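In this text the structure is predicted, and so the values were computed from the model without any measurement.
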There are 2 protein chains.
Amino acid sequence: MTYTKATAFSPEQQEVARIAKVLSHPARIAILQHLAEAKTCISGDISSALPLSRTTVSQHLTELKNAGLIKGEIDGLTVCYCIDQEQYDRARQLLESMLAAIKSSCCTDTCC
Amino acid sequence: MTYTKATAFSPEQQEVARIAKVLSHPARIAILQHLAEAKTCISGDISSALPLSRTTVSQHLTELKNAGLIKGEIDGLTVCYCIDQEQYDRARQLLESMLAAIKSSCCTDTCC
DNA sequence: ATACTATGTCGTATGTTTACGTCATACTTC
DNA sequence: GAAGTATGACGTAAACATACGACATAGTAT
């Protein structure tokens with residue numbers, strides 16, 4: 001019962017944390033940036049552009065896909081990964097509106 | 001040498017991932033929101049507002065502090081934690097500008 | 001000084017993530 | 001249909017994160 005006390009928090013807090021978690025590894029940031037810039041989005045091309053094995057990149061791609069940030073469409077032998085713009089934008093907005101709401105309100109009177 | 005191939009990525013990618021990692025747990029989101037809303041910011045008050053033990057909260061506070069998002073000032077026996085607005089805003093801006101740069105550019109012609 | 005209180009540190013059990021090699025699958029091409 | 005290629009699934013070792021009880025520290029008050 002350790003580790004996952006996460007369920008004790010509000011759905012919004014859990015959702016924001018879930019989004020942040022996906023972004024919490026440089027490889028996944030790199031993959032997103034690559035997908036945004038590259039003309040092609042074939043899985044193998046992504047692997048060879050990163051300093052990681054194909055297996056590991058595939059794992060990161062799966063995580064991004066599970067989070068809904070990207071989608072993969074099979075085109076014969078290759079798989080084309082793209083950013084799922086709609087879901088990405090929704091996630092981004094949720095994260096950003098949470099971040100925007102954080103403003104130091106304490107420490108103006110009682111303490112500090 | 002496993003696990004941390006993180007150094008193989010660009011400093012910006014690492015920095016963004018580092019910020020996202022701090023936000024990747026509901027407890028730390030909850031702590032930030034609490035600090036933003038509460039009139040007081042005493043460590044003990046934060047603990048009792050969360051469904052976690054004091055020890056665990058202290059650990060999360062330390063992580064937030066190491067990341068520079070909050071700062072803690074000792075006031076006698078109690079410790080007052082506040083959001084470090086300057087550093088927080090910088091982190092937020094870095095994260096948001098990265099997120100804003102992600103736009104599905106592929107999958108318009110060659111594939112999908 | 002002694003008892004009390006608020007915090008952080010340490011140790012540790014358990015669960016999770018990362019990274020990668022190997023294997024299985026499924027499509028393509030000869 | 002046999003050989004080749006692009007992927008994902010599986011297994012696994014090592015590193016890391018989470019959660020918390022017990023202890024240490026340091027200020028406060030009696």
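- Look at Tyr81(A) and you won't find any side-chain N or O under 4.0 angstrom from OP1 or OP2 of dA6(D).
- Atoms CZ (Arg18(B)) and P (dC16(D)) sit 16 Å apart, rounded to a whole Å.
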Inset, instruction - Just do the side chain to side chain contact (heavy atoms under 4.5 Å, CB included) check on Ile83(A) and Leu69(A) with the steps written out, would you? - result: CA-CA 6 Å; Ile83(A) 289 158; Leu69(A) 298 187; over 6 Å; no
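- Residue Thr56(A) places at least one side-chain N or O closer than 4.0 Å to OP1 or OP2 of dC20(C).
- Here the straight-line distance linking atom CG of Leu99(A) with atom CD of Gln93(B) works out to 12.0 Å at 0.5 Å rounding.
- One atom, CG of Asn66(B), and another, P of dC16(D), lie 15 Å apart when rounded to the nearest Å.
- At whole-Å resolution of the value, NZ in Lys65(A) and C1' in dA9(D) are 13 Å apart.
- With rounding to the nearest 0.5 Å, the separation of NZ in Lys21(B) from NE2 in His25(A) is 7.0 Å.
- Distance CG (Asp75(A)) to P (dT5(D)): 19 Å, rounded to an integer number of Å.
- Across the protein-nucleic acid pair, Leu64(B) atom CG and dT7(C) atom P stand 16 Å apart, rounded to whole Å.
- Not one side-chain nitrogen or oxygen of Thr55(A) sits closer than 4.0 Å to the OP1 or OP2 atom of dC20(C).
- Across all strands, Ile74(B) comes closer than 4.0 Å to no nucleic acid atom at all (heavy-atom distances).
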Legend entry - Candidate pair Thr55(B) and Ser58(B), rule side chain to side chain donor-acceptor pair (under 3.5 Å), full reasoning: CA-CA 5 Å; Thr55(B) 313; Ser58(B) 177; over 6 Å; no
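- Remark: Ser58(B) is in phosphate contact with dG8(C), judged by side-chain N or O atoms under 4.0 Å from OP1 or OP2.
- Neither OP1 nor OP2 of dA6(C) sits under 4.0 Å from any side-chain N or O of Ser43(B).
- A donor N or O paired with an acceptor N or O is not found under 3.5 Å between the base of dA17(D) and the side-chain atoms of Gln59(B).
- The separation between Leu77(A) atom CG and dC27(C) atom P is 9 Å, rounded to whole Å.
- Between Lys5(B) and dA15(D) there is no side-chain N or O to OP1 or OP2 distance below 4.0 Å.
- Atom CD1 of Ile31(B) is separated from atom P of dA19(D) by 10 Å (rounded to the nearest Å).
- Note: Lys103(B) NZ to Asp89(A) CG = 7.0 Å, rounded to the nearest 0.5 Å.
- OP1 or OP2 of dT17(C) has at least one side-chain nitrogen or oxygen of Lys21(A) nearer than 4.0 Å.
- Shown here is Glu86(B), whose CD atom has no more than 12 heavy atoms of other residues, nucleotides or ligands within 6.0 Å.
- Within the structure, a side-chain polar atom (N or O) of His25(A) is placed less than 4.0 Å from OP1 or OP2 of dA19(C).
- Using a 4.0 Å heavy-atom criterion, one finds that Leu61(A) contacts no nucleic acid atom at all.
- Listed pair Arg54(B) / dG8(C) fails the phosphate criterion, with no side-chain N or O lying under 4.0 Å from OP1 or OP2.
- Atom pair Ile70(B):CD1 and dG8(C):C1' shows a separation of 14 Å (rounding to whole Å applied).
- Closest to the side chain of Glu63(B), out of dT18(C), dA6(D), dT18(D), is dT18(D).
- A sub-4.0 Å separation between OP1 or OP2 of dA19(D) and a side-chain N or O of His60(B) is present.
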